[in-house]
Every structure is written in C-alpha cells, then in structure tokens.
Amino acid sequence: MTDADDLRARTRALLADRPPATTSRADFLAARFDAGLAWVHYPEGLGGLGAARSLQSAVDAELAAAGAPDNDPRRIGIGLGMAAPTILAYGTEEQKRRFLRPLWLGEEVWCQLFSEPGAGSDLAALSTRAVLGDDGVWTVTGQKVWTSSAHLARWAILIARTDPAQPKHRGITYFLCDMTDPGVEVRPLRQITGEAEFNEVFLTDVRIPDAHRLGEVGEGWQVARTTLMNERVSIGGSTGGRESGMIAPLARTWRERPELRTHALHQRLVTLWVDAEVARLTGERLRQQLAVGQPGPEGSGLKLSFARLNQQISGLEVELLGDEGLLYDDWTMRRPELVDFTGRGPGYRYLRSKGNSIEGGTSEVLLNIVAERVLGLPTEPRTDKDVAWKDLAR
Ligand SMILES: Cc1cc2nc3c(=O)[nH]c(=O)nc-3n(C[C@H](O)[C@H](O)[C@H](O)COP(=O)(O)OP(=O)(O)OC[C@H]3O[C@@H](n4cnc5c(N)ncnc54)[C@H](O)[C@@H]3O)c2cc1C
C-alpha cells in the first residue's frame, strides 16, 4: 500500500530525474503525471497511484520546497474540479486515457455548458436538444449562458435533452463537446467587474460523435450531479495553510495599515477571521474524507459559507480603506484567463464576490439542499417531477 513515505521517495526520485531548474515546465509536468504524482488518488496510468487522497499534500510539499512548476490550477479549475472527476466516474477507459492527461497538464482547457437562459437553478428544465443520427453522430442545437472560460476552452462538458417525452430529469444526456466545432459560437458577457470572464454560447448543429457521450443515454442528470457536487467543493474550498484563503488580503491590509484600524472594525475583523479559518479547516477535512471524486451534500454547506464570508470579508476590506476603497483599478474590458482574488485590488474583490452566491448553485438553492439532504427536513413541493418535459409550461 502506498503511504506518505513511499510518495515522498517517489517524489524525490522524480526531482532527481528531472531537476526543475534544468527541465522545461512541460517536460516536468508530463513526467510527474506519468509517475502517478499528479493526483495520487487517481488510478495508476491516469496520473495517480490509487493512494489515499489525503496523501497528495505530502507530494505537493516536497515539490513546492524544490521549486517545481505546477499546472496552474486556477487557469484549469473547471477541468480539474469538475470535468476530471466526472470523466473518472463515468468515462470509458478510452475516454479516460484520451482526456485526463492533457486536462491535468493544462494543454486542454475545459468549460461547463450547463446553464441556459431558461434553466439555471432549475437546470433539469434545459432545452438544448441532441438528436442521434444514423451515422452514430449527435446533432446539438441550443443556447448556453454564463459559460466561464468558453473563450479559452478546447473542450466542454455539456448536458442536452435527448428525450423530450420523459420527465425533465430523465431525458437528459451528458456529452464531451469539441469547442472547435464550426457550430459553436462564443460571445463575451461583460460583468460588474468590467471584465468578461464568462460568455453566452450558441450551438447550431454541433456534431458530437457517440464516442463522446459520457454515461448512458438518458442518464445525464445523474452524471451531472457528480459534476455539480464537485463544483461546490472546488468553489468553496481553499487548499493553502493558515490565513491563506479569502481572509488573506484583508488580514494583510490590517497588519500593514495600522492607521486605518478602529475598535469596531477590529471586532468585525476577528469574527470574520475566525469564521474564515473554521471554513478553511472544514473544507480541508471534507476534502480528506472524500472518496474518489464523490463529495456529498456537505459540499453545498461549504460553498454556502464561502459565498457569505467572501462577500462580508471583501465588504469589510472596502470599508476599512475608506475613500481609497472606492477607487477601482481598471475598467478596461478584458478577457481574463482566471479569477484572481488575491492578485487584484479590493474593488475587484468586492465586485467579483457578488457572483459567489450565484455561481455553482445560488445560496437559496444550496440552503434547500442542506435542509433536505443534510438536515432531513421536508422537501419543497415538486409538481413537475413526473410530467413529460415537452408538456411543461414554458
Ligand atoms: C460568475 C459566474 C460564473 C458562472 N459560470 C458558469 C459556467 O461556467 N457554466 C454554467 O453552466 N453556468 C455558470 N454560471 C451560471 C450559474 O450556475 C447560474 O447563474 C445559477 O445556477 C443560477 O441560475 P440563474 O442565473 O438562471 O438564476 P435563477 O435560477 O433564475 O434564480 C433567480 C433567483 O431565484 C432564486 N431561486 C431559484 N429557484 C429557487 C428555489 N427553488 N428556492 C429558492 N430560491 C430560488 C435564486 O436563488 C435566485 O436568487 C455562472 C454564474 C456566475 C455568476
């Protein structure tokens, strides 16, 4: 059985074989993947060693101490946090071998084509249609919206309706969509920050071979739930050490600018500091308890606290800075490669955090999930559960 000592020894062997100082980033990352040290809990041959997920930190610490390059996880967050665990759970061997390596190496960026103008919280109501032709190729037509990173993506995870005669949760199928298909059109959507980090995506007769279907026809909702539960854990958690997460910029400003401090602000800062640390440690424990890629509804609670705290913390930072906090660094319309909370100014953090209670499931919807699936409270009335999707009022 692989343990922490064994993983440290393997990591040192990798570092001796490919010293980071003299090895290109791409070569180092490829060697790391092939040595099973990319995500140690994945199976052998797919970047892992079938080890406990909690042992990843032993590898990461050795690599960080040696100055080894990483795969820029913030740039490829949707691939790492959502596409990969879903492909691992539902993909064929061929799909796993084709997609997981370039995904982890960052050679292929992924985006998530789930939300539609008429289907956000009620995602299962989606209308994008996929029809299977005699040639074994699906033709997909519809519109998706709020698609983060679609302008950078080579592949997308996509859900579409394949049987309108079934109730809404049952007639959906999950696909891996090639974003270079001529039927895919990506248009920027500018946000409150001034930037366009997400997009609307128009799909017109997009062709997807049946080999790029993930899971069974009509079982896409079940597959999508794996993605959504992983999304909540990946949005809600920070993976660094003490004071490394959402509280870091506010704590730094507090330490570096004593002239801004007041007693009342101090009380609020300490309360938020404690809450943020509790959320960080809870996230760490949750991640360690996860079986391979299968978080439960507790991830919804984590994401819920993250959204609330990040908004309160960024609000306090702006307040602490007074007039200075009202300055905004740059309104230029940009197409950022990643969401960078710590490398940007307080105005950006304040505005960008507004989306935290919407993306990856709104806070109201997550409260429903926690109420029903964690606390066991009675469920909301669902009158459309057994009605064919085509007969639902729209
Ligand atoms: C920054 C950002 C990035 C995003 N990235 C992506 C992406 O990459 N891919 C993707 O597919 N989507 C993405 N989204 C979309 C996101 O998942 C949806 O916006 C979200 O699910 C809410 O859907 P909606 O916008 O249609 O709002 P609606 O579902 O219309 O909700 C409107 C309001 O009604 C409330 N509400 C709805 N239903 C209930 C209920 N049952 N009980 C109580 N209240 C309810 C909601 O909480 C909300 O306040 C992103 C969104 C944001 C903000």
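Whatever order the structure lists ligands and atoms in, that order sets their numbers, starting from 1. Every value quoted in this text rests on a predicted model; they were computed, and no experiment measured them.
When all heavy atoms of Ala130 and Val140 are compared, the closest pair comes out as CB-CG2, 3.9 Å.
In this structure, Arg394 satisfies the cation-pi test against Trp389, with its NZ or CZ atom closer than 6.0 Å to the six-membered ring centre and inside 45 degrees of the ring normal.
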Polar pairs, ligand 1 vs protein, N/O only, below 3.5 Å.
| unit_1 | atom_1 | unit_2 | atom_2 | d |
| --- | --- | --- | --- | --- |
| ligand 1 | 5 (N) | Trp146 | O | 2.8 |
| ligand 1 | 5 (N) | Ser148 | OG | 2.8 |
| ligand 1 | 8 (O) | Trp146 | O | 3.4 |
| ligand 1 | 8 (O) | Ser148 | N | 2.9 |
| ligand 1 | 8 (O) | Ser148 | OG | 3.3 |
| ligand 1 | 9 (N) | Gln112 | O | 2.8 |
| ligand 1 | 9 (N) | Gln112 | OE1 | 3.3 |
| ligand 1 | 11 (O) | Gln112 | O | 3.3 |
| ligand 1 | 11 (O) | Phe114 | N | 3.2 |
| ligand 1 | 11 (O) | Ser115 | N | 2.7 |
| ligand 1 | 11 (O) | Ser115 | OG | 3.2 |
| ligand 1 | 12 (N) | Ser115 | OG | 2.7 |
| ligand 1 | 17 (O) | Ser115 | OG | 3.4 |
| ligand 1 | 23 (O) | Ser121 | N | 3.3 |
| ligand 1 | 29 (O) | Ser121 | N | 2.9 |
| ligand 1 | 29 (O) | Ser121 | OG | 2.6 |
| ligand 1 | 41 (N) | Glu380 | OE1 | 3.3 |
| ligand 1 | 42 (N) | Asn368 | ND2 | 3.2 |
| ligand 1 | 47 (O) | Thr362 | OG1 | 2.7 |
| ligand 1 | 47 (O) | Glu364 | OE1 | 2.6 |

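In this structure the side chain of Leu88 never reaches within 4.5 angstrom of the side chain of Trp39, judged on heavy atoms. No side-chain heavy atom of Glu200 sits under 4.5 Å from any side-chain heavy atom of Pro117.
For the side-chain contact (heavy atoms from CB on, under 4.5 Å) with Phe198, the lone residue among His151, Gln191, Glu359 that qualifies is Gln191.
Leu176 and Tyr42 end up in the same hydrophobic cluster when Ile, Leu, Val, Met, Phe, Trp and Tyr side chains are linked at under 4.5 Å.
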